[in-house]
Amino acid sequence: MADAAAKIFLPTVSPTSSPTSKVFALINKVTPGNTTSILPGEAEHEFDAIAALLLVITLIVCILFGYYVKVHRIYCLPESAVAMLVGVVLGGITRFINPDNDYDLSILSFSPEIFFFVLLPPIIFEAGYSLNKESFFENFGTITMYAMIGTMISTFFIGVFILLLGKYSIVSTVDSSNLMETMLFGALISAVDPVATLSIMGSPELQCDQLLYSLVFGESVLNDAIAIVLFRTFLKFYSHNNMEGHDIPLALWEFLYVSFLSIVIGTLLGLLASFIYRHSRLNEYPKFETSLLFLFCYGCYAAAEAAQMSGIMALFFNGMVLSHYNSVNLSRAAHVASEHIFSTLATLSETVVFLYMGAGVFSGKFEAFDPLLSICALSACLIGRFCNIFPLSWIANKFRKDDEKVPVKMQFVLWFAGLRGAIAYALAENMPGPNKDTYASTTLCICMFTTIVLGGFTERLLTDMGMKQTSSTADRGNYTSSLQPSSPENFYGLKDKIISFDERIMKPMFGGTMTDGWF
């Protein structure tokens, strides 16, 4: 098991390779000249075991630090920032002990494909499965504006801004002749990942304003998927060096149909799983229930990716559908076990990601570091988010009731909560072209600044802006919007028809209780 775990995160090692001879000599307690006498399989297995042990010990340290932060309510240091700083220390120690051995530093890096197919699915599924659906869909119009239109505004603003920096020779590390290169960077760096902010806002002690929590959480889970779809769309035009005028409608159409079909795939697979659970006796075998739910999670993500759709968007809606219909089909044991298992997997995955992001500081990511580009890109991120949060909030408020409007102070917190994290970092590793390392180092710099600095000041900002509830009886789970059926957020009466259809047809077929609704 240790061998398999190590291979997920570490590349295969050859005992006879010169960069690692000292490591194998240490592991096998022999001199470097005698490593050829060690059986290659045995040496590799022992090295993987040591590497897996070090990884586990590091994760234990991160979890214990996170526990300490929670218990002592150190809100200026989010759990994600703790894991990132532990990674920085780990990478620094490794660089200090053996500065000339690139392999020792390479084992602190992770593959983007491993991130997308192993670490990411539990995080996204857990987000959809534990989502407060009523709050999400009551504010779905505003959330969609922030996540979709806002991400596109941010992407184009950052992309054009970086392109102009290159054209006017302010920075020399970007290709000013290729618009798609800067648009790719604009798409990936627009992937807001407010894990640190949400970990603070989700603390019951803070009693964060319920509308603010709903908007930030809803935007965060949809924004990442939309940023990835934009990134893939621009990637198809990268080899053309530019996007012609007639390509814009094609790119927009591809963006829309990929988003729509991803939601359809996730919803249909969620309904299929619910139907199987509903019309079988799986609830008599809890271990099979939990195992099947786990496989449907990864199966949905893999199916969407295989169809060249968005696995994130499909899996998020898959989690919502399973939570809505299938929860009642599960036995009590499987229901509790599945929630805790996916929550645990999500926590471990997030910790691993931020740990390796911190270690990236000393594993070669900053060899092509351009400080000026990083400062300009960070400024563009802040300005780009300002240009979408405040104008879109003004538009949204035109269609919201007076007591449900998004106030200016809340808009400021929404702007501040736009942290960059794991998705942006992984996409930067997939950047094409000769400037890949420059964009990767810039992305890592922005991710660290927003996670540690902006995430650390979030609690203070919530207090200063009055974004905490004063009532001790406030409960996010009981939050309901006061929007009337005639308001656009409730789709002009369509809400009642959806509820009726859900209760009369869908729930008898797929499961669910009459008290559990979408709105």
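Bear in mind the structure is a predicted one, so any value in this text is a computation, not a measurement.
- Without hydrogens or angle criteria, S343 side chain to E339 main chain gives no donor-acceptor distance under 3.5 Å.
- T351 contributes atom OG1, which lies 8.5 Å from atom CG of L355 (distance to the nearest 0.5 angstrom).
- The two residues Y298 and V118 have their closest heavy-atom pair at OH-O, 2.9 Å.
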When you look at L292 and F288, which way does the side-chain contact (heavy atoms from CB on, under 4.5 Å) test go after all the steps?
CA-CA 6 Å; L292 203 58; F288 292 152; over 6 Å; no
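- Contact check for V321 versus F510: no side-chain heavy atoms found under the 4.5 Å cut-off.
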Check the pair Y257, F260 against ring-ring contact (aromatic ring centres under 6.0 Å, His included), reporting the backbone distance first and the verdict last.
CA-CA 5 Å; Y257 96 80; F260 175 75; 9.5 Å; no
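- Note on E138 versus K401: no salt bridge recorded, every NZ/NE/NH1/NH2 to OD/OE distance being 4.0 Å or above.
- Atom CG of L215 sits about 11.0 Å away from atom CZ of F136, to the nearest 0.5 Å.
- Counting non-hydrogen atoms of neighbouring residues, nucleotides and ligands closer than 6.0 angstrom, the NZ atom of K409 reaches no more than 12 such neighbours.
- In this structure a side-chain-to-backbone donor-acceptor pair under 3.5 Å is missing from E79 to G66.
- Of all heavy-atom pairs spanning N139 and R400, the tightest one is OD1-NH2, 2.7 Å.
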Verify side chain to side chain donor-acceptor pair (under 3.5 Å) between S393 and Y146, making sure each step is shown before the conclusion.
CA-CA 8 Å; S393 298; Y146 288 147; 2.5 Å; yes
Verify side-chain contact (heavy atoms from CB on, under 4.5 Å) between F125 and Y301, making sure each step is shown before the conclusion.
CA-CA 9 Å; F125 183 83; Y301 187 88; over 6 Å; no
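- Two residues are said to be in side-chain contact when any heavy atoms from C-beta on lie closer than 4.5 Å; Y277 and N283 fail this criterion.
- Exactly one residue among T458, T463, D464 makes a side-chain hydrogen bond (donor to acceptor under 3.5 Å, both in side chains) with R460. That residue is D464.
- Aromatic ring centroids of F65 and Y68 lie 6.0 Å or more apart.
- Using a 4.5 Å heavy-atom threshold, the side chains of L85 and V89 count as separate.
- Within a 6.0 Å sphere centred on CZ of F386, heavy atoms belonging to other residues, nucleotides or ligands number 12 at most.
- Of all heavy-atom pairs spanning C300 and N318, the tightest one is SG-CB, 3.6 Å.
- Nearest heavy-atom pair, P122 versus L119, reported as atom, atom and distance to 0.1 Å: CD-O, 3.3 Å.
- Across all non-hydrogen atoms, the minimal contact from S338 to L330 is OG-CD1, 4.1 Å.
- In this structure a side-chain-to-backbone donor-acceptor pair under 3.5 Å is present from S220 to F217.
- Panel note: side chain R420, backbone L188; no donor-acceptor pair is recorded below 3.5 Å.
- Atom CG of L211 and atom NZ of K405 lie 12.0 Å apart (nearest 0.5 Å).
- Note that the CD1 atom of I276 and the CZ atom of F296 stand 4.0 Å from one another [nearest 0.5 Å].
- Between the S327 side chain and the S323 main chain, a donor and an acceptor come within less than 3.5 Å of each other.
- Crowding of Q308 atom CD: a count of heavy atoms from other residues, nucleotides or ligands under 6.0 Å not exceeding 12.
- Considering only heavy atoms from C-beta on, V353 stays 4.5 Å or farther from L120 through its side chain.
- Partners of H340 according to the ring pair (Phe, Tyr, Trp, His ring centres under 6.0 Å) rule, which considers only residues two or more places apart in sequence or in another chain, do not exist here.
- Using a 4.5 Å heavy-atom threshold, the side chains of V192 and R385 count as touching.
- Looking only at side-chain heavy atoms (C-beta outward), I341 and L293 stay at 4.5 Å or farther from each other.
- Going from atom CD of E219 over to atom OG1 of T151 covers 6.5 Å, rounded to the nearest 0.5 Å.
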Decide side-chain contact (heavy atoms from CB on, under 4.5 Å) for M506 and L271; before the verdict, give the C-alpha distance in whole Å, the side-chain angles of both, and the deciding distance to 0.1 Å.
CA-CA 9 Å; M506 299 299 288; L271 292 175; 3.9 Å; yes
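- At least one side-chain heavy atom of I228 sits under 4.5 Å from a side-chain heavy atom of F116.
- Every residue two or more places apart in sequence or in another chain was checked for a salt bridge (Lys or Arg N to Asp or Glu O under 4.0 Å) with R278, and none qualifies.
- Judged by distance alone, with hydrogens and angles left aside, the side-chain atoms of H335 form no donor-acceptor pair with the main-chain N or O of N329 at under 3.5 Å.
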For N397 and Q411, what are the C-alpha separation, side-chain angles and deciding distance, and is it a side-chain contact (heavy atoms from CB on, under 4.5 Å)?
CA-CA 11 Å; N397 284 338; Q411 296 174 34; 3.7 Å; yes
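- Here the OH-OH distance, from Y425 to Y356, works out to 10.5 Å after rounding to the nearest 0.5 Å.
- Closest heavy-atom contact between L315 and P121: CD2-O, 3.2 Å.
- Side-chain contact annotation: S154 with S190, donor-acceptor N/O pair under 3.5 Å present.
- Residues forming a side-chain contact (heavy atoms from CB on, under 4.5 Å) with I263 (at least two apart in sequence, or on another chain): T267, M313, F317.
- Residues P78 and T451 have side chains not in contact (no heavy-atom distance under 4.5 Å, counting atoms from C-beta outward).
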